[in-house]
**Q** 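Attaching a single structure in structure tokens format; questions to follow.
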There are 2 protein chains.
Amino acid sequence: MPTSDLLPAEGRASATREAILGACERLFMQHGHEATSLRQIAREAGVNLAAAHYHFGSKEALIQAVLKRRLAALNDRRIAALDSLEREARGAPLKPSHIVDAFFGTLLRMADGPQGPEGRNVLALLERTMTDPASFVHAFISREYMPVIDRFRDALFRALPDVPREEIVWRFQFMLGATSYAIVGPHALYRAAGLGQHDTPPQRTEDDTRLLLPRLMSFLMGGLRAPLPEHSPP
Amino acid sequence: MPTSDLLPAEGRASATREAILGACERLFMQHGHEATSLRQIAREAGVNLAAAHYHFGSKEALIQAVLKRRLAALNDRRIAALDSLEREARGAPLKPSHIVDAFFGTLLRMADGPQGPEGRNVLALLERTMTDPASFVHAFISREYMPVIDRFRDALFRALPDVPREEIVWRFQFMLGATSYAIVGPHALYRAAGLGQHDTPPQRTEDDTRLLLPRLMSFLMGGLRAPLPEHSPP
DNA sequence: GTCTATATCATGATAGAC
DNA sequence: GTCTATCATGATATAGAC
């Protein structure tokens, strides 16, 4: 099946191509890609069913194209931010908070970018991808995401030379999880539970969006700098 | 054996019923429920295709039964732990670390319970459920999970009277995410990327399991007690 | 390049014999 | 309770007309 990206031109931008990608983002975000059929995609995009196959070759390739478009933009900005930090430091170790901000802050700031509120949803889609069970999604993440994670992890190694690397690896994982749930927000479950039953505002407010990054950064840095657990003997 | 019930009976335990539930756990955990067909389930369980419908009525009901069995056990232990804490405190506010341990520690300790290493995987399944896009899963979580989360959140409100409740709500969300990713572990992506390409052990070690809870608790408490973000004016 | 029409197959669900 | 047989539907994918 790995015979797809020969003819339909990898980076080409046609109108229907973009419509399909946009429809995919909306539908995948809402129902996940497993529960989204090509028929729904074609209907939502206002194009023919066969167009998806013509432009992308298969559903798997389409999903990867959807993910790649956003993840590549995100990771380019992350790498640029880290490059900038390292350039300014001139060989000196970076501040951990700056590294964390270059990784997670860049992620959250994309939500306030030109694409507006839609950006937030795309990020939720990306984060959900991290825990997707499909093997090809897993392989995609490893290929497209891991090199970036490795660079930031190495930066943290150098910035925190006293902390065992294992601990940093784990705490980076914890930070990824906290950020993933931060993007979804605590109101999703309340919304599903029905309005008015709980004492938490069921709708995301302006403050939530504005304060999300400082809130998350406080939490992440508190966790990253927490005292190390005492090693209990085996 | 006079096991003749009129209806398939909600809490009844037949041999095939249990076989189906076990097969579901394994398959859902590996591929997610969207990508798992009733035929695969029947094959894995060694039962007939129609048995699933006879015992559970529909695929949705089956999924809910799978989730409910584990989530109910987990939440019963959580509530028991919190009850015990409050009983011993005799009205005094609880220590935040005890509340956090009663919620997240109870979750992780289930992995070392009688079901052995299988327990860990079931927990990964449960955590994945939290971000499932399917509406009936969402509704299920709201119904079965939210009351417990609310109780623990209220306990944190009382234990941290100086912290604005909004902040606690958000930090609880961050803790949920960190724990979710803790259960999956940082090696999942490395494994998919191919062995030996990175400098992190690709396999989960004994230490990882033994040290996971202290590692996570350090991180969670560091995040929970972190200085509050300064409120920037609107 | 785009769409119509269709091929091929897997899915969830059900009816009825045993 | 369990099985076989089958249904209607919807899935991905393709061949070929415009």
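Order of the sequence lines fixes the chain letters, A, B, ..., with proteins taken first and strands second; residue numbering starts at 1 for each chain.
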**Q** Does anything in residues 26-39 of chain A pair up under side-chain hydrogen bond (donor to acceptor under 3.5 Å, both in side chains), and if so which pairs, sequence neighbours excluded?
**A** A:R26-A:E44, A:H33-A:D132
**Q** Take the angle between the ring planes of A:Y145 and A:F103 and call it parallel below 30°, perpendicular above 60°, tilted in between.
**A** parallel
**Q** Residues two or more places apart in sequence or in another chain: which of them pass salt bridge (charged side-chain N to carboxylate O under 4.0 Å, His left out) with A:D83?
**A** A:R151
**Q** The criterion is salt bridge (charged side-chain N to carboxylate O under 4.0 Å, His left out); which residues satisfy it with B:E60, sequence neighbours excluded?
**A** none
**Q** Hey, can you pull the donor-acceptor pairs under 3.5 Å for the side chains in residues 177-186 of chain B, sequence neighbours left out?
**A**
from, atom 1, to, atom 2, distance (Å)
B:T179, OG1, B:M175, O, 2.9

**Q** Counting only heavy atoms and a strict 4.0 angstrom limit, can you tell me which residues of residues 43-50 of chain B come near DNA chain D?
**A** B:N48, B:A50
**Q** Side-chain N or O of A:S58 versus OP1/OP2 of D:dT12: is the shortest distance under 4.0 Å?
**A** no
**Q** In whole Å, I'd like the distance from the CD1 atom of A:I20 to the P atom of C:dG1.
**A** 14 Å
**Q** Which nucleotide in the list C:dG12, D:dT14, D:dA11 gets nearest to the side chain of A:H53?
**A** D:dT14
**Q** How close or far is atom P of D:dT14 from atom NE2 of A:H55, stated in whole angstroms?
**A** 16 Å
**Q** Whole-Å distance between C:dG1 C1' and A:F56 CZ?
**A** 14 Å
**Q** Using a cut-off of strictly less than 4.0 Å, decide whether A:S37 has a side-chain nitrogen or oxygen near OP1 or OP2 of D:dG10.
**A** no
**Q** In whole angstrom, give the distance that lies between atom CG of A:L38 and atom P of C:dC9.
**A** 18 Å
**Q** Does B:R78 reach the main-chain N or O of B:A102 with its side chain, forming a donor-acceptor pair under 3.5 Å?
**A** no
**Q** Mark yes when over 12 heavy atoms from residues, nucleotides or ligands other than B:E25 sit less than 6.0 Å from its CD; otherwise mark no.
**A** yes
**Q** Which residues within residues 21-34 of chain B lie with some heavy atom under 4.0 Å of an atom in DNA chain C?
**A** none
**Q** How long is the line joining CD1 of B:I41 and P of C:dA13, in whole Å?
**A** 11 Å
**Q** Taking the side chain as every heavy atom from C-beta outward, state whether B:F56 and B:Q64 have any pair of such atoms under 4.5 Å apart.
**A** no
**Q** Please state how far atom CD in A:E60 lies from atom P in D:dA11, giving the value in whole angstrom units.
**A** 17 Å
**Q** Between C:dT2, D:dT2, C:dT11, which nucleotide has the shortest distance from any of its atoms to the side chain of B:Y54?
**A** D:dT2
**Q** Does A:R39 get its side chain close enough to the base of D:dG10, under 3.5 Å, for a donor-acceptor pair?
**A** no
**Q** For A:K59 and D:dT14, give me the distance from atom NZ to atom C1', rounded to whole Å.
**A** 18 Å
**Q** With side-chain hydrogen bond (donor to acceptor under 3.5 Å, both in side chains) as the criterion, how do B:S58 and B:H53 come out once you've worked through the C-alpha distance, each side chain's angles and the decisive distance to 0.1 Å?
**A** CA-CA 6 Å; B:S58 73; B:H53 279 101; over 6 Å; no
